[in-house]
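This report concerns only the one structure given below.
In this chain, numbering begins with 1 at the start of the sequence shown.
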Amino acid sequence: KKLPLELRFCDEVLTELRKSKHYDINAPFLQPVDPVALNIPTYHKVIKKPMDLSTMADKLAAGDYTSPKEFEKDFDLIIKNCKLFNGEEHIVYAQALRLQDLYRAEMSK
Ligand SMILES: Cc1ccc(Nc2c(-c3ccc(O)cc3)nc3c(C)cccn23)cc1
């Protein structure tokens with residue numbers, strides 16, 4: 001059996017969040033932050049628990065999440081990391097807040 005029903009719903013939400021039609025808001029969060037590509041060598045000094053949407057998909061498929069609560073904790077980590085590193089004024093944090101709005105809208109379906 002693939003996933004328990006609750007986590008199957010998490011999978012559907014994650015699939016939606018990663019769709020290319022949401023690229024204007026999900027782009028910075030699709031893959032692990034690459035400090036070399038972004039020229040932010042301090043990233044892993046500031047961010048102790050990196051997280052991104054593809055890592056979450058891998059964890060879901062591997063059965064690493066035992067509850068939707070655990071799944072949501074990783075999503076919240078993406079937003080918290082972005083706020084901490086970029087600050088509230090950065091355009092990427094504005095994208096993170098829009099991603100969070102989309103997450104909440106999908107989760108309430
Ligand atoms: C010099 C500088 C300053 C800020 C950034 N932030 C940033 C981030 C980022 C996302 C999540 C996160 O937890 C941390 C950083 N993603 C980007 C992208 C995709 C393009 C441009 C900037 N980006 C990059 C370079």
Side-chain angles (χ1 to χ4, degrees):
K1 235 160 166 1
K2 189 176 174 251
L3 281 168
L5 190 63
E6 293 178 311
L7 288 170
R8 235 177 293 165
F9 184 63
C10 290
D11 194 35
E12 287 171 13
V13 171
L14 191 55
T15 299
E16 180 65 31
L17 260 58
R18 298 170 70 201
K19 282 181 178 170
S20 55
K21 70 179 177 183
H22 301 300
Y23 195 73
D24 58 325
I25 54 178
N26 66 19
F29 316 107
L30 290 171
Q31 298 298 323
V33 171
D34 179 349
V36 175
L38 293 172
N39 189 25
I40 45 178
T42 62
Y43 187 73
H44 289 303
K45 300 208 181 15
V46 175
I47 301 302
K48 295 305 170 197
K49 292 198 268 180
M51 190 45 62
D52 67 280
L53 297 172
S54 63
T55 300
M56 287 184 67
D58 295 343
K59 286 179 74 171
L60 198 57
D64 289 358
Y65 297 121
T66 61
S67 71
K69 218 175 213 28
E70 265 187 87
F71 173 85
E72 183 148 317
K73 257 181 80 177
D74 268 357
F75 180 79
D76 291 344
L77 199 49
I78 296 173
I79 310 302
K80 284 190 182 79
N81 289 346
C82 182
K83 181 176 184 178
L84 177 62
F85 187 81
N86 296 297
E88 299 188 28
E89 300 313 310
H90 203 282
I91 179 80
V92 173
Y93 182 56
Q95 288 177 285
L97 292 182
R98 289 177 62 202
L99 186 73
Q100 193 170 50
D101 291 342
L102 182 59
Y103 174 91
R104 289 174 178 157
E106 292 297 319
M107 272 295 181
S108 62
K109 284 182 176 176

Spacing of [X] atom [atom1] and [Y] atom [atom2] [to the nearest 0.5 Å]:
X	Y	atom1	atom2	value
His90	Cys82	NE2	SG	8.5 Å
Ile25	Tyr103	CD1	OH	14.5 Å
Glu6	Thr66	CD	OG1	10.0 Å
Glu106	Glu12	CD	CD	9.5 Å
Phe75	Leu14	CZ	CG	9.0 Å
Leu53	Leu60	CG	CG	12.0 Å

Heavy-atom side-chain contact between Cys10 and Pro68 under 4.5 Å: yes

Is there a side-chain contact between Thr42 and Phe85, using heavy atoms and a 4.5 Å cut-off? yes

For [X] versus [Y], what's the shortest heavy-atom pair and its separation?
X	Y	value
Phe29	Asp52	O-CB, 3.5 Å
Phe9	Lys109	CZ-O, 3.7 Å
Lys19	Asn26	O-ND2, 2.9 Å

Tell me whether [X] shares a hydrophobic cluster with [Y], the cluster being built from Ile, Leu, Val, Met, Phe, Trp, Tyr side chains joined at under 4.5 Å.
X	Y	value
Ile47	Leu38	yes
Ile78	Val46	no
Leu84	Ile40	yes
Val33	Ile79	no
Val92	Val36	no

If only atom types and distance count, is the side chain of Glu88 paired as donor or acceptor with the main-chain N or O of Lys83 below 3.5 Å? no

Keeping Ser20 on the side-chain end and Tyr23 on the backbone end, is there a donor-acceptor pair under 3.5 Å? no

Under the salt bridge (Lys or Arg N to Asp or Glu O under 4.0 Å) criterion, do Lys73 and Glu70 qualify, and how do the steps go? CA-CA 5 Å; Lys73 257 181 80 177; Glu70 265 187 87; over 6 Å; no

Verdict with supporting geometry, Leu30 and Arg18, side-chain contact (heavy atoms from CB on, under 4.5 Å): CA-CA 7 Å; Leu30 290 171; Arg18 298 170 70 201; 4.2 Å; yes

For Lys48, is the NZ atom crowded, meaning more than 12 foreign heavy atoms sit under 6.0 Å from it? yes

